[in-house]
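Report on the following structure.
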Amino acid sequence: MDGGRWRRLASAVGRSITVWAASTVTMLVLAGALPDFRLQSAGGDSATRIAVTAAAGAGVFGLLSSLVWPLLVRALLLVPALVLGLLVFFLNGSLLLIALRLNPSGHGEAAPETAVVVAAVMSAVASATGAALAVRDDDAYRRRLYRLADRRRRRAAGQPGPSTHGAVFLQLDGVGHDVLLEAIGKGLMPTAARWLGGTRPTHRLTPWRTDWSSQTGASQLGILHGSNHDVPAFRWYEKDTEEVMVCNRPAGAAELQRRAVEHTGDGGLLTADGASRGNLFSGGADELALVLSVAARRGRDNRSRAGYFAYFSDPANAVRTAMSFVAEVFRETGQSTWARLKRRRPRVKRGGLYPFVRAFATVVERDVVVAAVIGDLLAGRNAVYADLVAYDEVAHHSGPRSRDTEKILQRLDRSLALIEKVAEHAPRPYRIVVLSDHGQSPGETFLARYGLSLGNLVRAGCGLPVPRKARRTHSGAEARTAVRAALRRPVEEREERLGPSGRRSEPLVLASGNLGLVSFPDVPHRMSREEIDRRHPALLSTLANHPGVGFLLVRSEEHGGLVLGAHGAEVPVDRLDDEHPGPLADFGPGAADAVRRTHSFPHTADIMVNSWYDPAEGEVLAFEEQIGSHGGLGGAQGRPFLLSPVALSTPVGPNTELALTETEFVGADTELVGAERVHDVLSRWLRECDGPQVPLPASPDEQAA
């Protein structure tokens with residue numbers, strides 16, 4: 001063995017001894033502080049004997065954690081992920097009790113509930129000590145990363161990593177272009193600031209414009225699979241199947257992915273050695289973790305939840321995340337209580353299960369996804385796409401520019417820094433692209449401002465009785481369904497299937513942020529304006545003239561698509577443009593094209609309702625219980641960003657460095673418009689990395705998804 005290997009071995013042994021010593025000291029301190037935990041016999045022992053007992057107990061506990069814990073996690077593969085998270089403490093406590101029984105001195109003893117506390121503290125101390133030593137010894141840290149990468153490669157094929165660049169696409173869900181710039185200006189995101197600043201910036205920032213349906217389902221489907229055709233909203237009613245399609249339901253996501261693959265004829269952005277982490281859709285990747293479109297699959301091979309178990313197989317990870325989870329629940333409770341005491345407006349209810357949903361999105365989902373991305377980097381995968389939903393979830397309830405969301409942006413920046421650091425030690429060079437799928441527009445809810453929901457306004461316009469107490473429309477944020485999928489709870493909505501006994505003659509009103517959809521289930525086709533007027537003469541005028549409504553889109557027998565506004569404004573969609581926007585004047589450039597595209601979809605609702613928008617303040621009125629919303633037209637919600645390395649070609653505009661076809665620069669020198677166009681850009685960047693060509697034909701499994 002050469003000198004270098006001896007030094008590495010000595011360093012590893014030294015770190016192990018240090019962690020063992022820290023665990024021993026922790027055990028001694030806890031034995032003195034907790035009455036139900038002792039390391040001596042009833043008659044008392046010498047200090048030396050107690051120290052030996054603590055050292056032996058810490059050693060056996062550490063050995064059991066390393067050997068037995070992964071086996072326990074694998075045995076519990078079918079347990080819902082969050083239930084496993086709750087079992088972490090109890091399993092860890094059980095291992096400690098076993099360690100005390102195996103202790104040669106036989107003097108260790110602890111009550112079961114005390115063992116849980118002791119094991120949690122010891123795991124946390126061991127993890128913190130090991131991490132501190134690794135950070136202080138950068139060479140040791142680098143060597144550890146390389147060893148992990150080599151081990152992964154040997155498991156895969158025994159081949160060295162490729163020399164070409166890989167690509168990592170990190171989606172910061174809901175972070176708008178302007179919010180990112182403000183966060184950088186305030187010093188909240190130093191990693192992003194470093195990429196963009198200095199005399200030689202490594203990245204460029206490019207805004208892009210979403211489709212009318214400015215939400216993750218439409219945007220991510222277009223980005224990953226190249227098509228979001230016939231996705232008019234976050235949720236919509238399909239008359240041919242008599243079901244409500246919801247983007248963040250496992251069954252709905254699987255069907256939308258199937259349709260996109262069928263529409264484009266290829267498997268997606270990630271078909272060539274790709275990994276999909278924390279997304280609604282797979283993108284054609286073979287490596288999946290926390291992907292909603294496969295969450296409905298049952299059995300041990302369900303790769304949707306595999307990421308949880310890979311992460312929790314390390315007890316230190318499990319304890320650290322569990323502690324952070326509890327801290328985040330208390331943090332949200334304190335922040336919501338303070339907002340209520342200060343009587344901040346606008347405000348929505350943040351009680352019930354929301355603190356736990358927020359903690360899941362900002363702690364569990366983040367930790368698991370980041371860990372999965374790190375594993376992908378060390379494995380040398382060609383392309384990785386990961387979604388971090390923390391900001392989006394908090395902004396819905398606290399507002400896009402609140403102090404709560406500023407803290408989330410700081411944590412997201414630390415995740416970017418960690419991934420960047422690991423990429424330096426990966427077996428191949430990587431280019432890191434950060435992007436968002438949409439932004440968020442602030443504003444109070446439609447219900448809070450006018451005292452009635454959109455559904456009740458529609459009922460009033462139809463001459464139907466309106467309940468005295470308005471029913472709130474729950475938030476449709478992605479994290480809530482991710483939690484339910486992790487718990488294996490049913491995720492179907494009550495309105496998702498209208499049986500023969502349902503009141504099919506009454507309108508069905510669905511909300512997607514500040515976009516509302518009105519459908520009449522008893523009419524098998526998309527109703528025309530003329531049919532609606534004959535059936536409910538006051539409905540369209542009631543909606544169009546309401547101060548909380550910006551415009552309506554309906555089908556007309558005479559004009560095709562028709563946009564309706566206040567005071568009798570009516571403009572056919574084929575006559576709308578940026579110079580003659582009609583009722584779309586406040587919604588900015590591109591609104592006419594976005595509305596015209598949605599009008600062409602087969603499943604567009606009978607009436608599409610976009611809320612009022614104040615261009616001066618950037619505010620909209622959400623039809624859901626959200627004070628930061630997205631889903632329709634108006635404001636920052638439609639202006640996400642691309643943060644890309646300067647080594648890659650510019651997203652829009654001519655590029656003289658690369659011989660690209662004309663079709664790859666359709667719309668040169670113009671704004672990047674639509675998620676499908678972003679897919680084209682990301683595909684081009686993968687080709688520039690000299691990797692395999694994408695997209696590839698869909699696999700049989702992908703076609704059957």
Side-chain angles (χ1 to χ4, degrees), residues 174-186 207-215 339 343-348 391 395-406 436 438-451 454 457 511-516 543-553 563-569 571 576-595 608-641 671 673:
V175 179
H177 174 269
D178 295 342
V179 166
L180 180 70
L181 284 179
E182 291 175 12
I184 291 174
K186 292 179 179 179
W208 66 280
R209 181 156 25 99
T210 67
D211 305 291
W212 186 3
S213 183
S214 54
Q215 46 86 21
R343 299 182 182 276
R344 289 178 181 163
R345 291 286 187 266
R347 190 176 74 244
V348 293
Y391 173 88
H396 278 312
H397 296 81
S398 301
R401 288 179 167 85
S402 65
R403 293 183 63 184
D404 299 3
T405 54
E406 288 182 350
S436 59
H438 55 77
Q440 286 208 16
S441 297
E444 62 184 324
T445 68
F446 186 90
L447 174 62
R449 176 167 293 190
Y450 299 110
L454 176 63
L457 178 63
S512 296
N514 73 316
L515 176 63
L543 293 175
N545 288 292
H546 192 280
V549 173
F551 66 90
L552 310 178
L553 170 66
V563 172
L564 307 180
H567 312 299
V571 182
L576 289 169
D577 54 41
D578 291 341
E579 294 183 1
H580 305 90
L584 306 181
D586 289 340
F587 294 89
D593 290 337
V595 170
M608 302 286 289
V609 185
N610 202 98
S611 86
W612 161 89
Y613 166 59
D614 180 2
E617 300 295 331
E619 294 184 353
V620 299
L621 298 174
F623 298 125
E624 299 181 87
E625 284 298 288
Q626 300 172 346
I627 60 173
S629 66
H630 56 90
L633 289 176
Q637 63 182 313
R639 190 176 168 85
F641 70 88
E671 186 180 9
V673 178

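A quick note: this is a predicted structure, and the numbers were derived from the prediction, not measured.
- Between the CD atom of Glu406 and the CD atom of Glu182 there is a distance of 9.0 Å, given to the nearest 0.5 Å.
- The shortest side-chain heavy-atom distance between Leu633 and Val595 falls under the 4.5 Å cut-off.
- Here OG of Ser441 is found 11.5 Å from CD of Gln626. Values are rounded to the nearest 0.5 Å.
- A donor-acceptor pair under 3.5 Å is absent between the side-chain atoms of Asn610 and the main chain of Val549, judged by distance alone.
- Between Asn514 and Tyr613, the closest side-chain pair of non-hydrogen atoms is not below 4.5 Å.
- Checking side-chain atoms of Ser402 against main-chain N and O of Gly399 turns up a donor-acceptor pair under 3.5 Å.
- Side-chain atoms of His396 come within 3.5 Å of backbone atoms of Gly628 as a donor-acceptor pair (strictly under, hydrogens ignored).
- For Pro400 against Ile627, the heavy-atom pair with the smallest separation is CD-O, 4.1 Å.
- When atom types are taken as modelled, the side chain of Ser629 and the backbone of Ala622 share no donor-acceptor pair closer than 3.5 angstrom.
- Scanning all heavy atoms of the two residues, the minimum distance from His567 to Asn545 falls at N-OD1, 2.8 Å.
- Side-chain atoms of Asp178 and Arg401, non-hydrogen and from C-beta on, do get closer than 4.5 Å to each other.
- Listed for the Gln440 side chain is no donor-acceptor partner under 3.5 Å among the backbone atoms of His630.
- In this structure, the side chains of Gln215 and Leu515 stay at 4.5 Å or more apart for every pair of heavy atoms.
- Within the model, atoms NE2 of His397 and CD of Glu625 stand 8.5 Å from one another, a figure rounded to the nearest 0.5 Å.
- Side-chain contact between Leu457 and Tyr450 is absent, with no heavy-atom pair separated by less than 4.5 Å.
- For the pair Ser214 (side chain) and Gly632 (backbone), a donor-acceptor distance under 3.5 Å is present.
- Note that the CD atom of Glu619 and the CH2 atom of Trp612 stand 5.5 Å from one another [nearest 0.5 Å].
- Note that the CG atom of Leu447 and the CZ atom of Phe623 stand 11.5 Å from one another [nearest 0.5 Å].
- In this structure, Leu621 and Glu444 have side chains that are in contact, with non-hydrogen atoms separated by less than 4.5 Å.
- Phe587 is not listed as a side-chain neighbour of Pro581, based on a closest heavy-atom distance of 4.5 Å or more.
- Counting only heavy atoms from C-beta outward, the side chains of Leu543 and Leu454 approach each other to under 4.5 Å.
- Taking a 6.0 Å sphere around CZ of Arg344, one finds it holds more than 12 heavy atoms contributed by other residues, nucleotides or ligands.
- Judged purely by atom type and a 3.5 angstrom limit, Ser436 has no side-chain atom pairing as donor or acceptor with the backbone of Gly176.
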